[in-house]
*Asks:* 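Structure below; questions to follow.
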Amino acid sequence: MRLYNTLSQKIEEFTPVTPGEVKIYACGPTVYNYFHIGNSRVFTLFDTFRSYLRYRGYKVTFVQNITDIDDKIINKAKDEGVLWSDIAKQYTDAYIEDIKKMNIELPDVSPKATEEIPGMLALIKKLVDEGTAYVSKNGVYFEVEKFPAYGELSHQNLEELQEGARVDVDDEKKSGLDFALWKFTKPGEPSWESPWGAGRPGWHIECSAMSSRYLSNTFDIHGGGADLVFPHHENERAQSEAANHERFVNYWMHVGYMNIDGEKMSKSKGNFVFVRDIIKDYSAEVIRMFILSAHYRGPIDFSRENVEAVKKGYTEISYTLQRLAQLDGAAPDKKSPYIKSFIDALDEDFNTAKALGIVYEAVNDAKNLILGKKIDKYEGDIKANLKMLESDIKEMAQVLKISPKFEAPEAKAKELVKEIEKMRVEKNYEKADTLKKEVNSLGYLLEFTKTGAFIIKELK
RNA sequence: GGCGGCGUAGCCAAGCGGUAAGGCACGGGUCUGCAAAACCCUUAUGCAUCGGUUCAAUUCCGAUCGCCGCCUCCA
């Protein structure tokens, strides 16, 4: 398998630290609001990636933090006149609800910042003791000058960063680029004790502490949205490597933005759609398929029209699987060449768009074989080939977690169809049409083909 | 100003040195008693523009134009 690494800006062969195991850390939500479809791109992408890694035989450990203490949470609490911890609790619960609605598996570990303070303090202490961090009036700061590799991940050099810096210069800091590891308490704000004074953690330190604790100092893959490359991941890397004197992360995976009308969807622009709203109109599978329809590193433009188009494709897959399920026979002990193409596509920097194209091709073959068309690459018994395709399509859909859910047609529908077939033989078309309408009203589409009648549960 | 990305048919989207996957839409047709979100065909001598390298470029290099993003909280 090969993956693009933000650090090297190249696609590299993926080699895990421990053979057969993959340790992944992805930055999770700051719980001050519901998450939107753009945020869910990262969650969905890593969830699908996790599924694929398992399919490829890896044991996966996936850690994703929950930032439950932060300026935005404090501000929201002030605005609403409630406790900051109530805000954190409310939106943590909402996050878990929404994740479940999206059929995203919860991480193996979901550490909360407020429960990991000791680990963060230990890390900060190391940095202070070694002189990489210093204590100022407002908090404890990481001194960027002391970490020569600073800027490598985001491909910036210090001078340019300093020139471009739009940050207000804080006289208490040695450099505008230095960032807070620990912020001393301001009146009315939550705080924890520390050797340097009461305060709360800076934003970046939690990920460094948690990834070390739950994965290891050096782990395989660190991911998140492309907007985290700088400063968040750059800072994490600086802290961790300065403290541990070990390589922090082997592969950095960054997911592109979801746009609306060509512009990044973001909470500050207000051009977002909450997952809890869109999920009312589209199934988790359709939304996931929409997200997977573009390569993860590029942008994807959200619009109802684009999701609608994907939904039609999804419906086609569902209908074909329903048709296949109604054929008797067992899958033979072999696979179509599509499985290999599918793996090849995903092995090359997780190209889900290409993989989806392969699913469609398999679906198309199945449709044609059902009609009794000859396709050169399929030899032998048609039903066996169809059952093979059914098994393969299901396999691919399961890996991508876009499996259509459907049940066998209900008994009443089957009876009616038998009756319709009888009427057709008797050329009693009037009666047949009446019965057809009855089946339609049960929510089924009917197809009469040479291979037989198919009863398909209609997707709305 | 620095850094990064993008520009492929009406729309979405792969491909990234060897002659344009796939999806949606449109149009034409076929099967069918009638149907079918059933099937077939059609749709880019062309991949923003202009140059260059090469036997060969959408793919590499350079320039130009346009769009977007990061450099400030952001997935």
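All chains are named by letter (A, B, ...) in the order of the sequence lines, taking the proteins before the strands, and each is independently numbered beginning at 1.
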*Asks:* Side chain of Ala353(A), heavy atoms from C-beta onward: which of A35(B), A75(B), A14(B) has the nearest atom to it?
*Replies:* A14(B)

*Asks:* With rounding to whole Å, what would you report as the distance between C34(B) and G29(B) at their P atoms?
*Replies:* 16 Å

*Asks:* Distance check, P atoms only: G46(B) and A57(B), in whole angstrom units.
*Replies:* 14 Å

*Asks:* For G5(B) versus A44(B), give the span between their P atoms, rounded off to a whole number of Å.
*Replies:* 32 Å

*Asks:* Kindly give the atom pairs (protein nitrogen or oxygen, nucleotide nitrogen or oxygen) under 3.5 Å for nucleotides 24-28 of chain B.
*Replies:*
{"unit_1": "A25(B)", "atom_1": "OP1", "unit_2": "Lys312(A)", "atom_2": "NZ", "d": "3.3"}

*Asks:* State which of U32(B), C68(B), A75(B) makes the closest approach to the side chain of Thr30(A).
*Replies:* A75(B)

*Asks:* Please give the distance between the C1' atoms of G2(B) and A14(B) as a whole number of Å.
*Replies:* 32 Å

*Asks:* What is the nucleic acid contact for Leu445(A), judged by heavy atoms within less than 4.0 Å: base, sugar-phosphate only, or nothing?
*Replies:* nothing

*Asks:* So Ser293(A), base contact, sugar-phosphate only, or nothing? Heavy-atom distance under 4.0 Å.
*Replies:* sugar-phosphate

*Asks:* Which of these nucleotides, C71(B), C40(B), C34(B), is closest to any side-chain atom of Asn364(A)?
*Replies:* C40(B)

*Asks:* Would you indicate what Gly38(A) reaches in the nucleic acid, counting non-hydrogen atoms under 4.0 angstrom: base, sugar-phosphate, or nothing?
*Replies:* base

*Asks:* Which value, in whole Å, describes the distance between the P atoms of nucleotides C61(B) and C6(B)?
*Replies:* 12 Å

*Asks:* Need one value for Tyr257(A): base, sugar-phosphate or nothing, where a base atom within 4.0 Å counts as base even if backbone is also close, heavy atoms only.
*Replies:* base

*Asks:* Indicate, with a heavy-atom threshold strictly under 4.0 Å, whether Ile456(A) touches base, sugar-phosphate, or nothing.
*Replies:* nothing

*Asks:* G1(B) pairs with which nucleotide, Watson-Crick or G-U wobble, both distances below 3.5 Å?
*Replies:* C71(B)

*Asks:* Would you say the side chain of Lys436(A) and the base of C34(B) hold a donor-acceptor pair, judged only by whether the two atoms sit under 3.5 Å apart?
*Replies:* yes

*Asks:* Within the modelled atom types, does a donor on one side and an acceptor on the other bring the side chain of Asp433(A) and the base of G33(B) under 3.5 Å apart?
*Replies:* yes

*Asks:* Any carboxylate oxygen within less than 4.0 angstrom of a Lys/Arg side-chain nitrogen, looking at Asp344(A) and Lys354(A)?
*Replies:* no

*Asks:* Which whole number of Å gives the distance between the C1' atom of C50(B) and that of C55(B)?
*Replies:* 23 Å

*Asks:* Do the side chains of Asp68(A) and Lys89(A) get close enough for a salt bridge, i.e. N-O under 4.0 angstrom?
*Replies:* no

*Asks:* Looking at Lys437(A), does any N or O in its side chain come under 4.0 Å of the phosphate oxygens OP1/OP2 on A36(B)?
*Replies:* no

*Asks:* Using Watson-Crick or G-U wobble geometry with both distances under 3.5 Å, which nucleotide pairs with A35(B)?
*Replies:* none

*Asks:* Give the intermediate values and the outcome of salt bridge (charged side-chain N to carboxylate O under 4.0 Å, His left out) for residues Glu13(A) and Arg2(A).
*Replies:* CA-CA 4 Å; Glu13(A) 185 63 37; Arg2(A) 285 152 47 87; 5.1 Å; no

*Asks:* For a quick check of understanding: with a heavy-atom distance under 4.0 Å over all strands, which category does Lys267(A) fall into, base, sugar-phosphate or nothing?
*Replies:* sugar-phosphate

*Asks:* A75(B), A37(B), C34(B): which one has an atom nearest the side-chain heavy atoms of Phe448(A)?
*Replies:* C34(B)

*Asks:* Which base sits across from C47(B) as a Watson-Crick or G-U pair, both distances under 3.5 Å?
*Replies:* none

*Asks:* Name the nucleic acid region contacted by Gly256(A), choosing base, sugar-phosphate or nothing; use a 4.0 angstrom heavy-atom cut-off, strictly under.
*Replies:* base

*Asks:* May I ask you to verify if any side-chain N or O of Asn75(A) is less than 4.0 angstrom from the OP1 or OP2 atom of C73(B)?
*Replies:* no

*Asks:* Is the shortest distance from a Lys or Arg side-chain nitrogen in Lys183(A) or Asp70(A) to a carboxylate oxygen in the other one below 4.0 Å?
*Replies:* no

*Asks:* Starting the side chain at C-beta, find the nucleotide from A75(B), A14(B), C40(B) nearest to His295(A).
*Replies:* A14(B)

*Asks:* Within the structure shown, what part of the strands sits under 4.0 Å from Asp71(A) by heavy-atom distance: base, sugar-phosphate, or nothing?
*Replies:* nothing

*Asks:* In terms of side-chain heavy atoms of Lys367(A), which of G33(B), A38(B), A21(B) is nearest?
*Replies:* A38(B)

*Asks:* Is the backbone of Thr30(A) close enough, under 3.5 Å, to the side chain of Thr67(A) for a donor and an acceptor to pair up by distance?
*Replies:* no

*Asks:* Please give the nucleotide sitting opposite C65(B) as a Watson-Crick or G-U wobble pair, both distances under 3.5 Å, or none.
*Replies:* G7(B)

*Asks:* If you count heavy atoms of other groups shown closer than 6.0 angstrom to NZ of Lys377(A), is the number above 12?
*Replies:* yes

*Asks:* If U54(B) has a Watson-Crick or G-U wobble mate with both distances under 3.5 Å, name it; if not, just say none.
*Replies:* none

*Asks:* Does a side-chain N or O from Asn259(A) land closer than 4.0 Å to OP1 or OP2 of G69(B), or not?
*Replies:* no

*Asks:* Base, sugar-phosphate alone, or nothing: which one does Phe454(A) contact when heavy atoms must sit under 4.0 Å apart?
*Replies:* nothing

*Asks:* May I ask you to say what Leu45(A) touches in the nucleic acid, namely base, sugar-phosphate or nothing, with a heavy-atom cut-off under 4.0 Å?
*Replies:* nothing

*Asks:* Identify whether any heavy atom of Ser154(A) sits under 4.0 Å from a base atom; if not, whether one sits that close to sugar-phosphate; answer base, sugar-phosphate or nothing.
*Replies:* sugar-phosphate

*Asks:* In Watson-Crick or G-U wobble terms, both distances under 3.5 Å, what is the partner of G17(B)?
*Replies:* none

*Asks:* Respond yes when some side-chain nitrogen or oxygen of Lys264(A) is under 4.0 Å from OP1 or OP2 of G69(B), and no when none is.
*Replies:* no

*Asks:* Please identify which of these residues, Glu458(A), Glu410(A), Lys414(A), Lys412(A), meets the side chain to side chain donor-acceptor pair (under 3.5 Å) condition with Tyr444(A).
*Replies:* Glu410(A)

*Asks:* Pick one: which of Trp182(A), Phe230(A), Phe179(A) meets ring pair (Phe, Tyr, Trp, His ring centres under 6.0 Å) with His204(A)?
*Replies:* Phe179(A)

*Asks:* If you find the nucleotide of RNA chain B closest to Pro299(A) and the one closest to Ala355(A), which residue's nucleotide is nearer the 5' end?
*Replies:* Pro299(A)

*Asks:* Categorize Arg323(A) for me: base, sugar-phosphate, or nothing, with a 4.0 angstrom heavy-atom threshold over every strand shown.
*Replies:* sugar-phosphate

*Asks:* Hey, which sits more toward the 5' end of RNA chain B by its nearest nucleotide, Thr449(A) or Gly357(A)?
*Replies:* Gly357(A)

*Asks:* Of the nucleotides A36(B), A75(B), C70(B), which one has an atom closest to the side chain of Phe230(A)?
*Replies:* C70(B)

*Asks:* With rounding to the closest Å, how many angstrom separate the C1' atoms on C3(B) and G10(B)?
*Replies:* 35 Å

*Asks:* Just wondering, more than 12 heavy atoms not from Lys394(A) lying within 6.0 Å of its NZ?
*Replies:* no

*Asks:* Which part of the nucleic acid does Gln156(A) contact within heavy-atom distance under 4.0 Å: base, sugar-phosphate only, or nothing?
*Replies:* base

*Asks:* Heavy atoms from C-beta onward define the side chain here; which of A13(B), G22(B), C34(B) lies closest to that of Ala294(A)?
*Replies:* A13(B)

*Asks:* Measuring from the side chain of His155(A) (C-beta onward, heavy atoms only), which nucleotide among C11(B), C3(B), C73(B) has the closest atom?
*Replies:* C3(B)

*Asks:* Roughly how far apart, to the nearest Å, are U45(B) and G18(B) at atom C1'?
*Replies:* 16 Å

*Asks:* Name all residues meeting the side chain to side chain donor-acceptor pair (under 3.5 Å) criterion together with Glu189(A); count only those two or more places apart in sequence or in a different chain, and write none if there are none.
*Replies:* Arg200(A)

*Asks:* Hey, can you tell me if Phe62(A) and Phe46(A) have their rings parallel, tilted or perpendicular (30° and 60° cut-offs)?
*Replies:* parallel

*Asks:* List the atom pairs, donor and acceptor, that lie under 3.5 Å between side-chain atoms in residues 419-439 of chain A and the rest of the protein, sequence neighbours left out.
*Replies:*
{"unit_1": "Asn428(A)", "atom_1": "OD1", "unit_2": "Lys431(A)", "atom_2": "N", "d": "3.2"}
{"unit_1": "Thr434(A)", "atom_1": "OG1", "unit_2": "Glu430(A)", "atom_2": "O", "d": "2.9"}

